[in-house]
Amino acid sequence: MRILYITSQTIHVMMMLILGNHSARGNEDQMNWTPELQAMEQKIEQKISPMTRQIEHIAERNQWKVIQAFQKHKVSDYHFANSTGYGYNDRGREVLDEVYADVFGAEAALVRPHFVSGTHTISIALFAVLRPGDELLYITGSPYDTLHKVIGKEHDGTGSLADWGINVKMVPLLPDGNVDWTSVKSEITERTKVIGIQRSRGYDWRASFTVQQIGDMVKRVREIRSDLIIFADNCYGEFTELEEPTEVGVDLIAGSLIKNPGGGIAPTGGYIAGRRDLVEKAAQRLTAPGIGSEVGAMLGAIRSMYQGLFLAPAMVGQAVRGSVFAAALFEELGYETSPHWSSPRTDLIQALRFDTAEHLIAFVQGIQRASAVDAHVVPEPWAMPGYEHPVIMAAGTFIQGGSLELSADAPIREPYTAYMQGGLTYAHAKLGALMALQTMIERNLLVLPGSI
């Protein structure tokens with residue numbers, strides 16, 4: 001799910017600005033919940049308290065892991081100074097790479113503001129390790145929609161993988177959401193060089209893969225062919241568990257700093273981590289052969305990248321707790337959710353299914369109403385390039401596309417499924433879920449138990 005490249009700044013271009021009654025009422029009236037809604041809130045808070053303790057434990061341990069990495073590499077104020085031009089001998093940049101490598105249990109890392117998105121970062125990683133004639137096999141089904149253009153078509157002239165003579169195959173998951181190992185074995189050929197794993201669900205109604213499950217995938221792939229490079233798209237998953245994919249044998253991972261590891265304050269960027277030789281290939285691809293990771297002024301972002309990483313475990317914990325609250329709240333009212341509120345969490349994304357398009361739209365518009373930024377904007381479904389159906393997006397964020405911040409999106413198609421993620425504070429994520437519910441009530445789409 002890559003909704004989050006388009007948010008608060010560009011949202012004005014793609015949404016109708018409807019400054020209706022809800023914006024005129026003011027925040028005080030928005031928070032004036034009915035007694036029934038207040039009772040529901042308290043009931044859900046009590047219900048999810050065991051999960052809350054688990055989430056806090058994971059956030060605490062990950063916070064300690066980050067601090068220990070900072071301490072090991074003697075992070076100091078001078079590391080926050082900005083370089084210019086080529087950025088030679090930028091010790092802050094070099095230490096940031098080392099800190100990331102330690103945090104992710106990897107040999108090396110490449111952390112740069114020059115990665116413009118998660119898709120760009122993943123693209124760099126894949127092009128770095130694949131060559132004409134090689135084959136990439138995704139064993140977790142089709143990857144995110146935004147990677148389809150990266151995969152491309154033969155002779156498409158775009159510089160896609162296919163245009164460079166790199167074949168990409170995908171093995172659909174079994175109906176139960178597990179990897180189809182019989183098909184994987186038959187699809188691996190002499191050309192196969194990289195195995196692709198997508199940790200998060202995307203727009204699929206499936207469970208995201210836990211780190212333990214990814215570790216099991218690694219073992220089974222190694223049994224088939226030990227020389228294969230295993231790559232994992234780690235977007236949305238960082239710090240939701242005590243381990244990362246590189247700590248269970250994955251060779252290379254990639255992610256975006258405007259998602260989890262940026263802590264909500266990194267203004268842009270991405271990271272690649274894993275085997276040293278593979279990370280260096282990625283550096284050569286990002287800059288140029290012979291230059292690699294030795295250059296690259298940090299564009300004024302270095303302090304926020306350090307501080308964002310420091311904050312990330314706590315911020316991710318807040319967002320995960322908000323997703324649990326939303327799941328429990330809507331399950332209480334009979335809606336289907338994935339994951340279930342009490343299920344283990346391995347990413348930020350909470351999927352919720354609704355009966356009609358009207359319910360779905362009201363939910364997403366309610367999330368927007370809870371925003372601190374652009375709360376006055378009312379999102380509407382629109383024909384977004386690259387999607388087969390109209391898509392509605394809510395994202396009132398401080399960082400454009402920042403999906404660690406509260407946001408939601410949904411394609412307008414059956415089954416009507418909304419994907420909610422983020423919330424830099426639990427209070428905000430909780431408000432989003434309650435405001436979405438309130439919006440549905442106001443439109444007579446839902447009646448709370450006990451209401452007249």
### Message
What verdict does the salt bridge (Lys or Arg N to Asp or Glu O under 4.0 Å) test give for E244 and K65, after you've listed the backbone C-alpha separation in whole Å, the side-chain angles of each residue and the deciding distance to 0.1 Å?
### Response
CA-CA 12 Å; E244 300 294 337; K65 179 166 67 171; 5.1 Å; no
Working note: I302 + H79, criterion side chain to side chain contact (heavy atoms under 4.5 Å, CB included); need CA distance, chi angles, decisive distance, verdict. CA-CA 8 Å; I302 187 75; H79 289 121; over 6 Å; no
For E331 and T337, what are the C-alpha separation, side-chain angles and deciding distance, and is it a side-chain hydrogen bond (donor to acceptor under 3.5 Å, both in side chains)?
CA-CA 7 Å; E331 284 175 28; T337 71; 2.4 Å; yes
Q.
Does E358 form a salt bridge (Lys or Arg N to Asp or Glu O under 4.0 Å) with R443? I'd like the steps, not just the answer.
A. CA-CA 9 Å; E358 289 74 21; R443 296 181 188 178; over 6 Å; no
Item to complete: With side chain to side chain contact (heavy atoms under 4.5 Å, CB included) as the test, would you mind laying out the steps for V179 and L173 before giving the verdict?
Response: CA-CA 5 Å; V179 174; L173 294 170; 4.2 Å; yes
Evaluate the criterion side chain to side chain contact (heavy atoms under 4.5 Å, CB included) for residue pair I151 and M170; output intermediate values, then yes/no. CA-CA 11 Å; I151 293 168; M170 307 161 199; 3.5 Å; yes
Q.
Apply salt bridge (Lys or Arg N to Asp or Glu O under 4.0 Å) to residues R91 and E94 and explain how you reach the verdict.
A. CA-CA 5 Å; R91 190 56 185 152; E94 294 167 354; 3.1 Å; yes
Problem - From CA spacing to verdict: side chain to side chain contact (heavy atoms under 4.5 Å, CB included), L228, V194 - result: CA-CA 6 Å; L228 291 168; V194 176; over 6 Å; no
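With a 4.5 Å cut-off on side-chain heavy atoms, L437 and L333 count as touching. Looking only at side-chain heavy atoms (C-beta outward), L136 and F231 stay at 4.5 Å or farther from each other. Y138 has its side chain within reach of L147: a pair of non-hydrogen atoms, C-beta onward, lies under 4.5 Å apart. Here the side chains of V316 and T240 are in contact, with some heavy-atom distance below 4.5 Å. I253 places none of its side-chain heavy atoms less than 4.5 Å from the side chain of I272. With a 4.5 Å cut-off on side-chain heavy atoms, F209 and T346 do not count as touching. At least one side-chain heavy atom of H148 sits less than 4.5 Å from a side-chain heavy atom of S142. Looking at I349 and S208, their side chains never come closer than 4.5 Å, going by heavy atoms from C-beta outward.
Between W341 and A328, the shortest heavy-atom contact is CB-N, 3.5 Å. In terms of heavy-atom proximity, S183 sits nearest to V171 at CB-CG1, 3.7 Å. Nearest heavy-atom pair, Y271 versus P261, reported as atom, atom and distance to 0.1 Å: CE2-CG, 3.8 Å. In terms of heavy-atom proximity, S304 sits nearest to P267 at OG-CD, 3.0 Å. Here the closest non-hydrogen pair linking C235 and K259 is CB-CD, 3.9 Å. In this structure, A410 and L360 approach most closely via the heavy-atom pair CB-CD1, 3.6 Å.
In terms of modelled atom types and a separation under 3.5 Å, the side chain of N82 and the main chain of G300 share a donor-acceptor contact. Side-chain N or O atoms of R321 include none that pairs as donor or acceptor with a backbone N or O of Y426 at under 3.5 Å. No side-chain donor-acceptor contact under 3.5 Å links N62 to the backbone of P313. The backbone N or O of D374 sits less than 3.5 Å from a side-chain atom of Q368, completing a donor-acceptor pair. Looking at T246, its side chain does come within 3.5 Å of a backbone N or O of F104 through a donor-acceptor pair. R206 places no side-chain N or O within 3.5 Å of a backbone atom of G177 that could act as its donor or acceptor partner. The backbone N or O of L424 sits nowhere less than 3.5 Å from a side-chain atom of E405 that would complete a donor-acceptor pair. Under a 3.5 Å cut-off, the side chain of E280 and the backbone N or O of D277 do not form any donor-acceptor pair. Judged by distance alone, with hydrogens and angles left aside, the side-chain atoms of Q63 form no donor-acceptor pair with the main-chain N or O of A314 at under 3.5 Å. H389 contributes no side-chain N or O that, together with a main-chain N or O of E414, makes up a donor-acceptor pair within less than 3.5 Å.
The CG atom of L96 sits 10.0 Å away from the CZ atom of R93 when rounded to the nearest 0.5 Å. The CD1 atom of I214 sits 10.5 Å away from atom CD of Q198, with the distance rounded to the nearest 0.5 Å. With rounding to the nearest 0.5 angstrom, the CG atom of N234 is 9.5 Å from the CD1 atom of I122. The CZ atom of R201 lies 12.0 Å from the OH atom of Y236; values are rounded to the nearest 0.5 Å. Rounding to the nearest 0.5 Å gives a distance of 3.5 Å between CD1 of I230 and CZ of R222. Here the CZ atom belonging to R369 is positioned 7.0 Å from the CD atom belonging to Q438, to the nearest 0.5 angstrom.
Summarising the local packing, NZ of K169 is surrounded by more than 12 heavy atoms from other residues, nucleotides or ligands at distances under 6.0 Å. Residue E60 qualifies as enclosed at atom CD: its count of foreign heavy atoms under 6.0 Å is above 12.
For the residue pair Q350 and R345, a side-chain donor N or O sits within less than 3.5 Å of a side-chain acceptor on the partner. Between the side chains of S323 and Q421, not a single donor N or O lies within less than 3.5 Å of an accepting N or O.
Applying the ring-ring contact (aromatic ring centres under 6.0 Å, His included) test to Y335 and every residue at least two apart in sequence or in another chain returns F330, F354. In this structure, Y416 has no side chain to side chain donor-acceptor pair (under 3.5 Å) partners at least two apart in sequence or on a different chain. Every residue meeting the salt bridge (Lys or Arg N to Asp or Glu O under 4.0 Å) condition with K72, not counting sequence neighbours, appears here in chain and number order: D102.
Shown are R53, E45, K47; of these, the side chain to side chain contact (heavy atoms under 4.5 Å, CB included) with S49 is made only by R53.
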